[in-house]
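Read the numbers this way: they start at 1 and go in the same order the structure lists the ligands and their atoms. Residue numbers count from 1 along this sequence. Only this structure's heavy atoms are used, side chains among them; waters, hydrogens and symmetry mates stay out.
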Amino acid sequence: MKDLVLLFALATAAGFTPMALANQHHAAVTPVADVTFTLKTQIHEGQLVFVGDAGAIKGQVAPDLKVPEGAVVAITIINGDGAMHDVAVPEFGAQSDQLVGEGAATTIVFRATKAGTFEYLCTIPGHKAAGMFGKLIVGDVVETVSTAVDIAKNPAEVGEPVGDRAPQHVTYDLETTEVEGKLSDGSTYRYWTFNNTVPGPFLRIRQGDSVTVNLKNAEDSINIHSVDFHSVTGPGGGAAVTQVAPGQTKSFTFKALHPGLYVYHCATPMIAHHISNGMYGMILVEPEGGLATVDHEFYVMQGELYTAQKHGSRGLQEFSLDKLLDEQPEHMMFNGSMDALTKTYNMEAQVGDTVRMYFGVGGPNLTSSFHLIGEVFDRVYNLASFTSPPLTDVQTTLVPPGGATMVEFKVDYPGKYILVDHALSRAEKGLAGFLTVKGEADKAIFESAEPIDHSSGH
Ligand code: CU
Ligand code: CU
């Protein structure tokens with residue numbers, strides 16, 4: 001029965017009548033489809049993936065499937081891991097049955113009626129996010145050279161520790177820009193930034209320093225921008241005197257009265273819109289004598305984007321005021337793009353290292369339940385207060401929009417640790433980051449008869 005259904009599907013897609021196929025009843029998919037692919041589901045380095053199972057794509061993880069325009073395409077998937085899966089190419093309305101049990105197989109057949117780059121994926125909730133997707137490339141797609149720039153902030157760019165020095169005068173030049181940046185592999189957004197990254201630069205001073213901020217708005221901006229530092233005691237945190245038109249520069253000087261880790265952001269109406277678009281960053285005001293030395297420091301900020309297009313759409317995503325006012329973001333990111341801390345940049349440490357994270361929420365709206373899967377924070381400087389004793393042995397810590405935290409921990413065991421907001425629906429919107437720990441596994445800390453992925457930790 002299943003064969004007949006498949007044949008009928010093949011015949012319909014190929015534009016043949018079932019009669020014409022009658023003699024080929026025993027034939028495999030190959031004779032009717034112009035192009036066939038076989039993919040196997042697998043667990044690879046802790047992720048769910050499709051792996052090529054035959055032909056030129058054999059052994060490739062998430063292979064690109066290239067087909068001519070107009071071709072009838074058959075994609076067979078074989079269940080290689082025993083979990084329930086399916087395969088779909090939404091662009092061409094192709095969707096398989098659910099595939100249950102190791103060794104089970106199913107095939108989708110469709111005609112690739114238009115040229116372009118599309119997606120194949122497993123539609124079981126969570127599986128795409130876990131890695132079950134790839135590209136279907138139809139026709140001679142000249143990969144359009146996107147002019148989108150990489151706005152993702154490198155989390156390792158934390159500047160030099162201030163350490164034990166006397167207060168001094170420091171000058172920072174900030175430039176506000178409006179650029180089309182990469183939101184993910186295949187989608188872009190028109191970001192507004194400080195110095196072309198999201199978040200903006202990590203600024204680092206000492207309590208008692210006086211700081212001059214020169215804020216320039218790029219010539220090609222369309223909007224007025226400004227900056228409000230939460231570390232500033234004074235009018236609007238600086239925003240009252242830095243509403244800058246395109247091409248202009250405005251300045252102010254403040255004295256850093258309080259140590260701590262502070263958010264800065266644009267404060268030009270509609271402020272929520274400017275922040276959402278990427279206009280936030282942090283300034284660290286080190287206490288007298290500086291902070292303790294650690295092996296690694298990372299700078300991470302959480303943000304939200306409100307777009308007309310649904311999460312997962314390709315191409316340029318457009319801002320949606322309705323969704324912003326409803327506080328319903330389509331996309332959520334650490335360090336500006338969905339790939340920033342999973343592909344673009346790799347946070348890494350060795351077993352035995354001490355790690356400090358400067359974590360803040362640009363937002364503009366959602367409080368983060370900041371958590372690192374598989375680790376416990378040894379110390380949490382709650383709300384980034386350095387003058388209160390830290391909390392110790394914390395699993396998850398709340399960080400409000402326009403707020404920050406500083407966490408410290410020693411990494412004791414190799415693996416891929418995943419940074420999340422424990423409101424985990426948000427991971428489905430792009431919010432995730434990896435901290436890869438390499439080194440020797442101590443069986444006294446963790447042991448299992450199952451093969452353990454020490455996270456590409458060689
Ligand atoms: Cu799946
Ligand atoms: Cu702005």
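- Restricting H274 to its N, O or S atoms, the one at the least distance from the Cu ion (ligand 2) is ND1.
- Between K128 and E119 there is a salt bridge, since at least one side-chain N of the basic residue sits less than 4.0 Å from a carboxylate O of the acidic one.
- Applying the side chain to side chain contact (heavy atoms under 4.5 Å, CB included) test between E304 and each of M332, H331, K429, E327 identifies M332 as the sole match.
- Below 30°, between 30° and 60°, or above 60°: for F409 and F377 the angle between ring planes is between 30° and 60°, a tilted geometry.
- Atom ND1 is the N, O or S atom of H225 at the shortest distance from the Cu ion (ligand 2).
- One of the N, O or S atoms belonging to M279 lies under 2.8 Å away from the Cu ion (ligand 2).
- In summary, K323 and E330 engage in a salt bridge, as defined by a charged side-chain N under 4.0 Å from a carboxylate O.
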